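Letters go in sequence order (proteins before strands), and every chain restarts at 1. None of the values given here were measured: they were computed from a predicted structure.
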There are 2 protein chains.
Amino acid sequence: MAVASDAVRSRILAAGQRITPQRDVIAQLLEAASRPLGATELCAAVAAEDPRIGRATVFRTLAALEQAGIVAQVSLPGGQTGYLLCGTDGHHHHLVCQGCGGVDDVLEAAVSPFLRRLERDHRFRVDHASFTIYGTCARCAGPGVPRSARSTPAR
Amino acid sequence: MAVASDAVRSRILAAGQRITPQRDVIAQLLEAASRPLGATELCAAVAAEDPRIGRATVFRTLAALEQAGIVAQVSLPGGQTGYLLCGTDGHHHHLVCQGCGGVDDVLEAAVSPFLRRLERDHRFRVDHASFTIYGTCARCAGPGVPRSARSTPAR
DNA sequence: TCGGCTATGATACTTGGTCTCAGAGAGGCG
DNA sequence: CGCCTCTCTGAGACCAAGTATCATAGCCGA
Ligand SMILES: [Mn+2]
Ligand SMILES: [Mn+2]
Ligand SMILES: [Zn+2]
Ligand SMILES: [Zn+2]
């Protein structure tokens, strides 16, 4: 549990960036999380792992990992930004479950027809769209168990 | 040019909130803007209009107007939040032109089929989705005038 | 193993808001 | 119209989420 996965490490290298102990810690924490982490939350987790790692490094690392296509941001309800380790390559979108916090990837191919239609209907060329959609995943929704009867999900 | 439109004023009242000179100034500035205003930008404009109006009031007013369904937030590219006076009633979405900064409304009905499809394909119940899509409007895109030949649009 | 170039930490600064609390004033009611 | 209540306001402290600077540390290709 001391290092990030080889997959992540090789993607950092592939993006022409260096592997450092700090990046390893941060990538590992994101990899271990089952949901997007907020900035403060992540900084706290990093500090717990190694208090010598500075805040600036956390944000720099997030930026580096984002450039490498490893990390994505989702804007959590409430307006905060969540940081998320992404397996899927290339541009895609996110379904965030408000129950368990889990994230599902939506491939660009699934939204493309919708965007093409918008372009026609509004005479507008779409340059950039990135969706984060909130809701409830199948596991959290049931099956058959009404919402009110379920125990409070992890926050 | 000293007051916001009656439409805006009556919608504030309809939401059970009071009309104050401060709110009038802020609503009027948003109404006059042809594009979303950033926080700093709006605060500066408010201060120019009446320097006694405090920052807290600006943000409180934005929150009040948002609750009244008059103001919407869009996240501008670059991450900043833009505040925007909305004519359209009810939940809807926004197309932001990167050329002129103008905003077009997309009715919920236009995105609903897309969301229904996502729900089926991902076994996920969508509770909340709010899209801001960046691109180029028809006026900024042409007609026939290539992008490189156009003069720099308003920032 | 060495050296260049990238990454880091400390720290100060900035942006975009929120909180508190005493005081002002909007507007419903008589 | 004038009062009273309840909302709204301003000042200013506070906070979260970054960003800028710069000297130092250390990754990794040769
Ligand atoms: Mn993803
Ligand atoms: Mn709108
Ligand atoms: Zn779930
Ligand atoms: Zn335009």
Consider the side chain of [X], meaning its heavy atoms from C-beta on, and name the nucleotide among [options] that approaches it most closely.
X        : options                  : result
Arg18(A) : dC8(D), dG9(C), dC28(D)  : dC28(D)
Tyr83(A) : dG18(D), dT9(D), dA20(D) : dG18(D)
Arg60(A) : dA20(D), dG10(D), dT8(C) : dT8(C)
Phe59(B) : dT9(D), dT18(C), dG9(C)  : dT18(C)

Q. Is Ile12(A) linked to Phe59(A) within one hydrophobic cluster, defined over Ile, Leu, Val, Met, Phe, Trp and Tyr using a side-chain heavy-atom separation of less than 4.5 Å?
A. yes
Q.
Between Gln73(A) and Leu84(A) (side chain of the first, backbone of the second, donor and acceptor by atom type, cut-off under 3.5 Å), is there such a pair?
A. no
Report yes if a side-chain nitrogen or oxygen of [X] is closer than 4.0 Å to either non-bridging phosphate oxygen (OP1 or OP2) of [N]; otherwise report no.
X        : N       : value
Thr20(B) : dG25(C) : no
Gln17(A) : dC27(D) : no
Gln22(A) : dA25(D) : no
Arg23(B) : dT9(D)  : yes

(Q) Nearest heavy atom decides the nucleotide; on that basis, is Pro21(A) or Ala39(B) closer to the 5' end of DNA chain C? (A) Pro21(A)
Quick one: [X] [atom1] to [N] [atom2], roughly how many Å, whole number?
X        : N       : atom1 : atom2 : result
Ile53(B) : dA24(C) : CD1   : C1'   : 14 Å
Arg55(A) : dT21(D) : CZ    : C1'   : 16 Å
Asp50(A) : dA10(C) : CG    : P     : 10 Å
Leu65(B) : dC8(D)  : CG    : P     : 11 Å
Ile12(B) : dT7(D)  : CD1   : P     : 17 Å
Arg52(A) : dA10(C) : CZ    : C1'   : 15 Å
Leu62(B) : dC8(D)  : CG    : P     : 14 Å
Leu42(B) : dT15(C) : CG    : C1'   : 15 Å

**Q.** Any side-chain heavy-atom pair of Asp104(A) and Cys137(A) under 4.5 Å
**A.** no
Q) So how far is it from Ser5(A) OG to Ile70(A) CD1, rounded to the nearest 0.5 Å? A) 8.5 Å
**Q.** His92(A) versus Leu107(A), closest heavy-atom pair with distance
**A.** CB-CA, 4.2 Å
